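For reference, the structure discussed in these notes is given below.
Just so it is clear, the structure is predicted and the values come from calculations on it, not from any experiment.
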Number of protein chains: 2
Amino acid sequence: MYTIGEFSRITNITVKALRVYHDKGLLTPSFIDESTNYRYYANREIEFAHVISTLKAMQFSLVEIKDVLNNINDDADLMSVLADKQAKIIQDISSLNNVSSAIDFILTKEKEAKKIMTNTNEVTLKQLPNIEVITQTWQGQYSDTGKAIGKLYRTAGRHVTGTVFNLYFDSEYKEIATLESCLPVKSIVSNKLRGKDSSIVFKKLPGGHYYTLLHVGPYEDIGVSYAKIFQHIKACGHTPTTPSREVYIKGPGMLFKGNPAKYITEIQIPFSDLLP
Amino acid sequence: MYTIGEFSRITNITVKALRVYHDKGLLTPSFIDESTNYRYYANREIEFAHVISTLKAMQFSLVEIKDVLNNINDDADLMSVLADKQAKIIQDISSLNNVSSAIDFILTKEKEAKKIMTNTNEVTLKQLPNIEVITQTWQGQYSDTGKAIGKLYRTAGRHVTGTVFNLYFDSEYKEIATLESCLPVKSIVSNKLRGKDSSIVFKKLPGGHYYTLLHVGPYEDIGVSYAKIFQHIKACGHTPTTPSREVYIKGPGMLFKGNPAKYITEIQIPFSDLLP
DNA sequence: GATTGACTCTCCCCTTAGGGGAGGCCTTAT
DNA sequence: ATAAGGCCTCCCCTAAGGGGAGAGTCAATC
């Protein structure tokens, strides 16, 4: 016979926990002094204590453990209980994996943005690849882009392959611009669109040569960068055409508005060789 | 301005939860009617609510979320918080994976036992392979095997490769037998033994030809099976030698004593061709 | 025999993130 | 004006104990 303290040391279960197990009828000491209420445990209980610890380590709740202890005699039953528990654990693992991926996505994006920040921000001539996107065309101000993007993201789900951008069809500044928000996706998404909200369209955007310039800072200042890139294009003897693109490499994030001074936008402008 | 009910529908957060967020200072409605205490939310709060939901989905506690909301302005800080959280999630995943493996181990063993049960239980002549084990030699009764095995299991950890068995060095029945408990392991375990408790020894057991018989039922009845196998060996003109083995394919499990009528023990007896 | 220190008892409060419900006040539609 | 539904606060409940208070108990020492 052991006192509760001795038994606690033997089984590596705290005294508090042992009292709880007693209260809940999981592990009743084999003798209780009726005058003092002292609990005394026998050797036999050590084995039970071990079973409880093991089941607890397997994520069983105390109620479940009690159930197992009282109602399971047959091996087959025990195995089915264990199999159920394992299924639940595997499900938990999968959902945690999803969370981890989601965080990964954010971290990766941030790292890319950091890398880009350290690059020069000079006008560059780039060959853009063909790209598959879902798009939504609308009219309004740049700041409404968020609304369109939300819908696109929900449609694409986990098939997003790149960073969102807008196409601008106006060659000069307009208060209410016509634009098309684009989200690069796997081509499989085109199947998901059948019969759905027809304002969202799957497209293959052709690539080609574009003049590009990174604009770092709040969107309100983007005029400066536009001036810079137009000047450069003209100096090269080319003529800007449409649609131009604004790639929102880093903007108000999924979580926070962030710091506008660190927003990164890539302006991409197509051109023709002809003089205007 | 939205009432709490409208805001709840917009954000998919229950009214109860919104009130808790208010109490804890996570999300304060932008206007509170001082005479009625009615909460009114503005559009601005929708964004915050979304941030809170997102962080909750990422396993942040309310305290952590409040901390993030109040104290994090810099992107770099946010990323480090996310990275920390991800590390913790990955750790959780790994520990769940361990639990799942442990359950797997039990389920697999049980399935094997079931398969064996359906086989015949006749005396068979088998070629046993060489095998690497850790062993502990001791004297006592069969029923003390559990004690030795516990130590072996703890030593081997996840490098266990097979089912535990005892070697018997006495050729006749003795109250206090000399026996050696063996646990098949990967040879890598031999490294872990250096400088440790020297009663545990790493060995390569040679295989060879053995007469074998499955004993199904409680250990007390094993005498019957021994009689059967000895008789068979004699009938074949061979002489039993030592050490004989008892493989505890299924016994009192890691969790429960189980049903002794379903215990499975394989008796393995070596022999010489000479007559005694 | 008495004291003392270590042990044990019960009881109460606290933790997460709200859920359920009671009782009472408020708003809005008919 | 009335009724329905919305909103308020307050209280209890969850799982698995941890922390601590106040009181009683055990065993050894003086």
Side-chain angles (χ1 to χ4, degrees), chain A residues 1-42 45 48-49 51-69 85 88-89 92 95 99, chain B residues 1-42 45 48-49 51-69 85 88-89 92 95 99:
Chain A
M1 299 294 255
Y2 310 103
T3 66
I4 197 169
E6 290 163 352
F7 193 69
S8 161
R9 262 164 267 138
I10 292 171
T11 57
N12 279 322
I13 300 174
T14 65
V15 171
K16 282 278 191 186
L18 287 173
R19 288 203 261 253
V20 169
Y21 297 166
H22 181 196
D23 283 352
K24 307 212 168 181
L26 275 154
L27 183 60
T28 307
S30 57
F31 173 70
I32 297 172
D33 185 324
E34 289 197 4
S35 64
T36 69
N37 277 337
Y38 271 37
R39 298 170 178 85
Y40 296 94
Y41 294 83
E45 269 98 48
F48 278 111
V51 172
I52 292 174
S53 294
T54 306
L55 287 175
K56 266 184 63 60
M58 288 179 181
Q59 311 276 100
F60 282 81
S61 71
L62 295 194
V63 175
E64 289 171 323
I65 293 175
K66 187 176 176 186
D67 208 44
V68 168
L69 255 36
K85 181 56 74 178
K88 219 201 126 246
I89 289 173
D92 288 354
S95 95
V99 172
Chain B
M1 299 293 258
Y2 310 103
T3 65
I4 197 168
E6 291 163 351
F7 193 71
S8 160
R9 262 163 266 137
I10 292 171
T11 58
N12 279 321
I13 300 174
T14 65
V15 172
K16 282 279 192 187
L18 287 173
R19 289 204 262 252
V20 169
Y21 297 166
H22 181 197
D23 283 352
K24 306 210 169 181
L26 275 155
L27 185 60
T28 307
S30 58
F31 173 70
I32 297 171
D33 185 324
E34 289 198 5
S35 64
T36 68
N37 277 337
Y38 271 37
R39 299 171 177 86
Y40 295 94
Y41 293 83
E45 269 98 48
F48 279 111
V51 172
I52 292 174
S53 294
T54 307
L55 288 175
K56 264 184 64 62
M58 288 179 180
Q59 311 274 100
F60 282 80
S61 72
L62 294 195
V63 175
E64 288 171 325
I65 293 175
K66 186 177 177 185
D67 207 45
V68 169
L69 255 35
K85 181 57 74 178
K88 217 198 129 248
I89 290 171
D92 289 354
S95 93
V99 173

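In this structure, B:I4 and A:T14 both approach DNA chain D, and ranking their closest nucleotides by distance from the 5' end singles out B:I4. For the pair A:G5 and B:K24, both in contact range of DNA chain C, the more 5′-proximal nearest nucleotide belongs to A:G5.
Taking atom CG of B:L55 as the reference point, atom C1' of C:dT16 lies 17 Å away to the nearest angstrom. Following rounding to the nearest Å, B:I32 (CD1) and C:dC25 (C1') show an atom-to-atom distance of 17 Å. Counting to the nearest Å, the C1' atom of C:dC26 and the CD atom of B:E34 are 17 Å from each other. Note: CG (B:L62) to P (C:dT15) measures 13 Å, nearest angstrom. Across the protein-nucleic acid pair, A:H22 atom NE2 and C:dT8 atom P stand 15 Å apart, rounded to whole Å. Taking atom NZ on A:K16 and atom P on C:dC13, their separation rounds to 14 Å, with Å as the unit. Nucleotide C:dT10 holds its C1' atom 15 Å from the CG atom of A:D33, rounded to whole Å. Counting to the nearest Å, the C1' atom of C:dA17 and the CD atom of B:Q59 are 13 Å from each other.
Within the nucleic acid shown, B:Y40 has no heavy atom closer than 4.0 Å to any nucleic acid atom.
Between B:E6 and B:Y2, the shortest heavy-atom contact is OE1-CA, 3.2 Å. Residues A:S8 and A:I13 come closest through the heavy atom pair OG-O, 2.8 Å. Minimum interatomic distance between A:A57 and B:V99 (heavy atoms only, all atoms of both residues): O-CG2, 3.4 Å. Heavy-atom minimum distance, B:I65 versus B:K56: CD1-CG, 3.6 Å.
For A:D23 and A:R19, the salt-bridge test fails: no basic side-chain N is under 4.0 Å from an acidic carboxylate O.
Checking the phosphate oxygens (OP1, OP2) of C:dT27, no side-chain nitrogen or oxygen of B:T3 falls inside 4.0 Å. Within the 4.0 Å cut-off from OP1 or OP2 of C:dC9, at least one side-chain nitrogen or oxygen of A:R19 is found.
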Test side-chain contact (heavy atoms from CB on, under 4.5 Å) applied to B:L27 and B:L69, step by step
CA-CA 10 Å; B:L27 185 60; B:L69 255 35; over 6 Å; no
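Of the possible polar contacts, one joining the A:K66 side chain to the A:K24 backbone as a donor-acceptor pair under 3.5 Å is found.
Among the nucleotides C:dG21, C:dG18, C:dT27, the one closest to any side-chain atom of B:Y38 is C:dT27.
On the nucleic acid side, DNA chain D contacts chain A at distances under 4.0 Å to non-hydrogen atoms, with the end points of that region at D:dA16 to D:dC26.
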